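Beneath this line is the structure, given in structure tokens, with notes to follow.
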Amino acid sequence: MAPVTIPVLAINGQTASGKTAVAVAVAQLLESDGIRAEIVNADSMLVYRGMDIGTAKPTLEERGGVPHHLIDIMDVTRGATVADFQVLARGAIAELRARGVVPILAGGSALYVHAILDEIDFPGTDAALRARLEAELDQVGPAALHERLAALSPLAAAGILPGNARRTVRALEVIELTGSYTSTLPGWSHAVGDVLQFGLEVPRDVLDARIEARVHQMWADGFVDEVRGLVDLGLREGRTAWRALGYRQVLAFLDGELTQGEALQATIAGTRRFSRKQMGWFRRDPRIQWLVAGELNAETLASAVRDRVLLGS
RNA sequence: GGCAGGUUGCCCGAGUGGCCAAAGGGAGCGGUCUGUAAAACCGUCGGCAACGCCUACGUAGGUUCGAACCCUACACCUGCCA
């Protein structure tokens with residue numbers, strides 16, 4: 001078999017931009033050309049089993065027979081991390097390529113996408129050390145810890161705001177583990193070869209309307225019951241899952257802190273804000289080619305992949 | 001019908017004579033980011049020709065050098081009595 005080029009197609013975009021549907025459509029178009037493609041998820045919350053309605057996880061029907069990777073791979077009690085995800089996603093991409101299948105990386109978690117595609121090495125972690133630092137944080141507060149960080153590494157401290165306890169703790173952890181810590185992300189340089197990056201752009205007002213409709217639909221589809229069920233499975237015990245957009249608001253409702261209507265509105269507002277943040281992140285990546293979301297997106301992306309595959313063969 | 005309380009900026013909510021364009025929270029807007037990232041943190045947040053001016057604390061008037069804060073009337077909402 002002649003060696004052919006297998007590009008990675010990355011489809012980025014805000015939540016509710018339609019990237020999932022486009023990714024599936026692209027895979028199906030390629031399939032009809034005799035090019036196999038499968039989807040690798042790059043949405044942080046889709047990894048959790050049982051978190052379906054609130055994450056707008058594509059149903060089997062919506063997946064249209066296209067295999068999806070890194071969806072439903074862990075329980076809500078576990079804390080997903082970028083570092084884990086990086087390893088898993090790169091593994092999936094390599095495995096697909098080895099099989100001659102085009103990986104379509106679809107998702108809206110910008111840090112995850114960055115970590116998968118670009119050269120970023122995450123220093124390790126140590127549970128005991130982390131626990132100690134967090135206990136200390138409770139004692140002395142974030143400002144004191146930040147001061148200590150500043151004494152150990154002025155540079156690292158400069159990149160972290162004093163109020164940000166989370167990042168301060170991690171910086172101290174890494175310094176203790178490795179001796180130094182870098183508080184700035186590396187630039188844009190692919191660690192995975194041959195990547196085509198596209199972004200779907202949706203006008204703000206259109207996206208906002210979609211988000212609102214989508215959240216209402218989640219409620220209608222039984223989102224609150226989904227959360228109730230997950231609570232029994234330990235949703236509150238995890239470190240990450242319960243903070244997911246919508247889930248946190250429903251939990252607040254179940255705890256009596258919000259009315260159900262307030263929880264719904266807060267979810268809409270939170271999702272809207274999240275979409276802004278996503279955009280801010282993706283916009284900075286100069287390699288992304290932006291497409292106005294619309295009918296022809298799948299065609300455009302499929303032909304970009306096709307061209308690349310044929311060129312390489 | 002009577003008595004008591006309330007009406008504050010986009011929303012909620014402090015303020016009860018000057019230090020009030022008015023605490024705080026939310027929303028909105030903008031930003032930061034190397035193992036929680038759908039997270040965490042930060043800034044901004046009445047208007048303008050902007051070290052000043054204008055508009056603003058239910059409406060209209062009054063007291064005062066000075067009022068969101070005091071008085072009067074009116075409107076609407078709320079609790080108790082009938």
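Chain naming here is simple, since letters A, B, ... match the order of the sequence lines and numbering starts at 1 in each. Because the structure is predicted, anything quoted here is derived from the model rather than measured.
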Quiz item: So, are A:Asp72 and A:Arg49 salt-bridged, with charged N and O less than 4.0 Å apart?
Solution: no

Quiz prompt | Test side chain to side chain donor-acceptor pair (under 3.5 Å) applied to A:Glu134 - qualifying residues, sequence neighbours left out | solution = A:Arg239

Exercise. Would you mind pulling out the nucleotide paired to B:rU72, Watson-Crick or G-U wobble, both distances under 3.5 Å?
Key: B:rA60

Quiz item: So which one's nearest nucleotide on RNA chain B is more toward 5', A:Gly124 or A:Phe274?
Solution: A:Gly124

Practice problem: For A:Ala115, answer base if it contacts any base atom (sugar-phosphate contacts may also be present), sugar-phosphate if it contacts only those atoms, and nothing otherwise; contact means non-hydrogen atoms under 4.0 Å. | Solution: nothing

Quiz item: B:rA38 C1' sits how many Å from A:Trp242 CH2, rounded?
Solution: 13 Å

Write down the protein N/O and nucleotide N/O pairs, taken from nucleotides 27-29 of chain B, whose separation is under 3.5 Å; answer none if there are no such pairs.
residue: B:rA27; atom: OP1; partner: A:Arg273; partner atom: NH2; Å: 2.5
residue: B:rG28; atom: OP1; partner: A:Arg272; partner atom: NH1; Å: 2.9
residue: B:rG28; atom: OP2; partner: A:Arg273; partner atom: NE; Å: 3.2
residue: B:rC29; atom: OP1; partner: A:Arg204; partner atom: NH1; Å: 3.2
residue: B:rC29; atom: OP1; partner: A:Arg276; partner atom: NE; Å: 3.2
residue: B:rC29; atom: OP1; partner: A:Arg276; partner atom: NH2; Å: 3.1

Practice problem: Would you mind pulling out the nucleotide paired to B:rA50, Watson-Crick or G-U wobble, both distances under 3.5 Å? | Solution: none

Quiz item: Do any side-chain nitrogens or oxygens of A:Thr15 fall under 4.0 Å of OP1 or OP2 in B:rA38?
Solution: no

Quiz item: With sugar-phosphate meaning primed atoms plus P, OP1 and OP2, does A:Thr81 contact a base, only sugar-phosphate, or nothing at under 4.0 Å between heavy atoms?
Solution: base

Under 3.5 Å donor-acceptor pairs involving side-chain atoms of residues 105-117 of chain A, not counting sequence neighbours:
residue: A:Ser109; atom: OG; partner: A:Ser44; partner atom: N; Å: 2.8
residue: A:Ser109; atom: OG; partner: A:Ser44; partner atom: OG; Å: 3.4
residue: A:His114; atom: NE2; partner: A:Asp118; partner atom: OD2; Å: 3.4

Exercise. Please list residues of residues 156-163 of chain A whose heavy atoms come under 4.0 Å from any atom in RNA chain B, ordered by number; otherwise none.
Key: A:Leu161, A:Gly163

Self-check item: Interface residues of residues 83-92 of chain A with RNA chain B (non-hydrogen, below 4.0 angstrom)
Solution: A:Ala83, A:Asp84

Quiz item: Could you state the CH2-P distance from A:Trp188 to B:rC33, rounded to the nearest angstrom?
Solution: 10 Å

Quiz item: Base, sugar-phosphate, or nothing: which does A:Thr184 touch, judged by heavy atoms less than 4.0 Å apart?
Solution: base

Exercise. Have a look at A:Gly54 and say if it touches a base, only the backbone sugar-phosphate, or nothing, with a 4.0 Å heavy-atom cut-off.
Key: base

Quiz prompt | Watson-Crick or G-U wobble mate for B:rA38, both contacts under 3.5 Å | solution = none

Quiz prompt | B:rG1 pairs with, by Watson-Crick or G-U criteria that keep both distances under 3.5 Å | solution = B:rC81

Quiz item: Taking CZ from A:Phe122 and P from B:rC33, how many angstroms apart are they, rounded to a whole number?
Solution: 14 Å

Quiz item: Pairs in or reaching into residues 244-271 of chain A: which pass salt bridge (Lys or Arg N to Asp or Glu O under 4.0 Å), with residues at least two apart or in two chains?
Solution: A:Arg236-A:Asp255

Quiz item: NA contact type, A:Ser44, heavy-atom cut-off 4.0 Å: base, sugar-phosphate, or nothing?
Solution: base

Exercise. Round to a whole Å and report the spacing from OH of A:Tyr48 to C1' of B:rA38.
Key: 11 Å

Quiz prompt | side chain to side chain donor-acceptor pair (under 3.5 Å) involving A:Glu95 - partner list, sequence neighbours excluded | solution = A:Arg99

Quiz item: With both distances under 3.5 Å as the test, what is the Watson-Crick or G-U wobble partner of B:rC45?
Solution: none

Quiz item: Between B:rU36, B:rA38, B:rA37, which nucleotide gets closest to the side-chain atoms of A:Leu245?
Solution: B:rA38

Quiz item: When all nucleic acid strands are considered with a 4.0 Å heavy-atom cut-off, which category describes A:Thr271: base, sugar-phosphate, or nothing?
Solution: nothing

Quiz prompt | A:Arg283/A:Glu201 ion pair, N-O < 4.0 Å | solution = yes

Quiz prompt | Whole-Å gap separating C1' (B:rA40) and CZ (A:Arg170) | solution = 14 Å

Exercise. Identify the two heavy atoms, one from A:Gly270 and one from A:Leu245, that lie closest to each other, and give their separation to 0.1 Å.
Key: C-CD2, 3.6 Å

Quiz item: Using links of under 4.5 Å between side-chain heavy atoms of ILVMFWY residues, direct or through other members, which residues join A:Tyr181 in one cluster?
Solution: A:Leu129, A:Leu133, A:Leu137, A:Val140, A:Leu145, A:Leu149, A:Leu152, A:Ile160, A:Val169, A:Leu172, A:Val174, A:Ile175, A:Leu177

Quiz item: Which base sits across from B:rG18 as a Watson-Crick or G-U pair, both distances under 3.5 Å?
Solution: B:rC65

Practice problem: Could you state the atom-to-atom distance from CE of A:Met279 to P of B:rA37 in whole Å? | Solution: 22 Å

Self-check item: Contact list for residues 186-200 of chain A, test salt bridge (Lys or Arg N to Asp or Glu O under 4.0 Å), sequence neighbours left out
Solution: A:Asp194-A:Arg308

Exercise. Just grab all the salt bridge (Lys or Arg N to Asp or Glu O under 4.0 Å) pairs involving residues 210-221 of chain A, residues at least two apart or on different chains.
Key: none

Self-check item: Pairs where residues 177-191 of chain A contributes a residue and the test salt bridge (Lys or Arg N to Asp or Glu O under 4.0 Å) is met, not counting sequence neighbours
Solution: none

Self-check item: Options B:rA37, B:rU36, B:rC33, nucleotide nearest the side-chain atoms of A:Arg130
Solution: B:rU36

Quiz item: Which way is the base of B:rC69 turned, syn or anti, if we draw the line at 90° from 0?
Solution: anti

Quiz item: Is there a donor-acceptor pair under 3.5 Å between the side chain of A:Gln278 and the backbone N or O of A:Thr15?
Solution: yes

Quiz item: Just checking A:Tyr247: base, sugar-phosphate only, or nothing, at a heavy-atom cut-off of under 4.0 Å?
Solution: nothing

Quiz item: Base, sugar-phosphate alone, or nothing: which one does A:Pro186 contact when heavy atoms must sit under 4.0 Å apart?
Solution: base

Quiz item: Can you name the residues that form a ring-ring contact (aromatic ring centres under 6.0 Å, His included) with A:Tyr247, not counting sequence neighbours?
Solution: A:Phe223

